[in-house]
Colleague: 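I'd like to ask some things about the structure below.
Scope of the values below: all heavy atoms of this structure, side chains included, with no hydrogens, waters or symmetry mates. We number each residue from 1, following the sequence as shown. Whatever order the structure lists ligands and atoms in, that order sets their numbers, starting from 1.
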Amino acid sequence: MKIWLDGGLKDIESARVSVLDHGLTVGDGIFETVKAVAGRPFALTRHLDRLTRSARGLGLPDPDLDEVRRACAAVLAADPVPLGRLRITYTGGHGPLGSDRGEHGPTLVVALGETARRPDSTAVITVPWTRNERGALAGLKTTSYAENVVALARAREQGASEALFANTVGQLCEGTGSNVFVVLDGEIHTPPVASGCLAGITRALAVEWSGARESDLPLDVLDRADEVFLTSTLRDVQAVHRVDGRELPGAPGPVTAKAMRVFEERSGDDLDP
Ligand code: PLP
């Protein structure tokens, strides 16, 4: 398998990043996961816009988007897979031990992995830890994912594929790697970006295409929602059939099923040639 590093394609075995790269030592990095269907990236421009926003949020230099596009095209051409995920990682680069930025430029890595189509529905749990909607990293797609790793491990222990967080004021926020939607009296609601969630690209498309409303929602809305669904690059729109101990029989319900259908029909329009 080939990956992009230091301006060119490399064999994965020979690609080397410094052990003092700050992406490794202090999590000073950002990333994007981009779906690729038959070698064509989905919604790449939106992902690159968010990559730039995340870089600015961390005070990293703007990524060279021409290079990122070339890198994506090159790794996709090198390893054709029917359904894949491009992983774009961009870090502060290597420098001295400690949290100050090093004098070396940023590191850009683009890799490709194969993915499987996700099941139509899944179980989720809620976790007692909170997203900090006022933190410096709120809304940025950084590589500081350890809290998500811990929450996801707890979800797996309970037979679920996702863990949902509230924010510091008890509002429903997001999952470890997905945004969350609830259906109440036939209307679709999702937490606003001000709740501290990532401005998910699938979320934005689902809001646009399914007419969802952005609403502040208490966490316990999950006890009474008629339907719940998740969105993310790797899940698209995915129904939830269990939240903690609460079963949601028949998931996907009618509203979620429609959102899934609309997403599937329209998402083909945003594939890069
Ligand atoms: N929230 C978090 C914390 C994420 O990591 C992700 C994606 O990885 C999402 C939401 C969903 O975003 P997107 O639809 O852009 O994949």
Colleague: Does the side chain of L205 come within less than 4.5 Å of R46's, by heavy atoms?
Modeller: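 Yes, at least one pair of side-chain atoms sits under 4.5 Å.
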Colleague: Quick one: look up the protein heavy atom nearest atom 7 (C) of ligand 1 and list residue, atom name and how far away it is.
Modeller: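 Checking every protein heavy atom, the shortest distance to atom 7 (C) of ligand 1 gives K141 NZ, 3.2 Å.
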Colleague: Considering only NZ, NE, NH1 and NH2 on the basic side and carboxylate oxygens on the acidic side, decide whether D220 and R224 come within less than 4.0 Å.
Modeller: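 Salt bridge present between D220 and R224.
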Colleague: Say whether, by atom type as modelled, one donor and one acceptor occur between the side chain of S54 and the main chain of R50 under 3.5 angstrom.
Modeller: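 Flag set: sc S54 to bb R50 pair under 3.5 Å.
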Colleague: Heavy-atom pairs closer than 4.0 Å: do any link ligand 1 to the side chain of T176, the backbone, both, or neither?
Modeller: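 The answer is the backbone of T176.
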Colleague: Got the closest protein heavy atom to atom 14 (O) of ligand 1, with its distance?
Modeller: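 Looking at atom 14 (O) of ligand 1, the protein heavy atom closest to it is T202 OG1, 2.6 Å.
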Colleague: State plainly whether the residues R118 and D120 are in salt-bridge range, i.e. N to O under 4.0 Å.
Modeller: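 Salt bridge flag = yes for D120 with R118.
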Colleague: Find the distance between OG (S14) and CG (L5) and round it off to the nearest 0.5 Å.
Modeller: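 Between S14 OG and L5 CG, I get 9.0 Å after rounding to 0.5 Å.
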Colleague: Below 4.0 angstrom, N of the basic side chain to O of the carboxylate: do R56 and D62 qualify?
Modeller: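 Here R56 pairs with D62 in a salt bridge, since their nearest N and O are under 4.0 Å apart.
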Colleague: Looking only at protein heavy atoms, which one is nearest to atom 5 (O) of ligand 1, and what is the separation?
Modeller: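 Looking only at protein heavy atoms, the one closest to atom 5 (O) of ligand 1 is Y145 OH, 2.1 Å.
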Colleague: Can you tell me the protein heavy atom closest to atom 11 (C) of ligand 1 and the distance?
Modeller: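 The closest heavy atom on the protein side is N179 OD1, 3.6 Å.
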Colleague: Looking at F31, is R87 sitting on its ring face, NZ or CZ under 6.0 Å from the six-membered ring centre and within 45 degrees of the normal?
Modeller: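 Yes, cation above the ring, under 6.0 Å and within 45°.
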Colleague: Would you please determine whether E32 falls within less than 4.0 Å of ligand 1 on a heavy-atom basis?
Modeller: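 Per 4.0 Å heavy-atom rule, E32 does not contact ligand 1.
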Colleague: Heavy atoms only: which of A43, G200, G177, G175 lies closest to atom 9 (C) of ligand 1?
Modeller: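 The residue whose heavy atom sits nearest atom 9 (C) of ligand 1 is G177.
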Colleague: Heavy atoms only: which of I201, T231, L198, L140 lies closest to atom 13 (P) of ligand 1?
Modeller: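 Among I201, T231, L198, L140, the closest heavy atom to atom 13 (P) of ligand 1 belongs to I201.
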Colleague: Please list, in number order, the atoms of ligand 1 under 4.0 Å from a heavy atom of R131.
Modeller: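 Atoms satisfying the 4.0 Å criterion: 3 (C).
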Colleague: Taking 4.0 Å as the limit for heavy-atom contacts, which would you say applies to S178 with ligand 1: side chain only, backbone only, both, or neither?
Modeller: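 S178 to ligand 1: backbone contact only, side chain stays beyond 4.0 Å.
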Colleague: Supply the atom-to-atom distance R131 CZ to E174 CD, rounded to the nearest 0.5 angstrom.
Modeller: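 CD of E174 is found 4.0 Å from CZ of R131.
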Colleague: State whether the shortest distance between N or O atoms of E174 and N or O atoms of ligand 1 falls below 3.5 angstrom.
Modeller: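 Yes: some nitrogen or oxygen of E174 is under 3.5 Å from one in ligand 1.
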Colleague: Tell me: protein heavy atom nearest atom 16 (O) of ligand 1, and distance?
Modeller: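 The protein heavy atom lying closest is T233 OG1, 2.6 Å.
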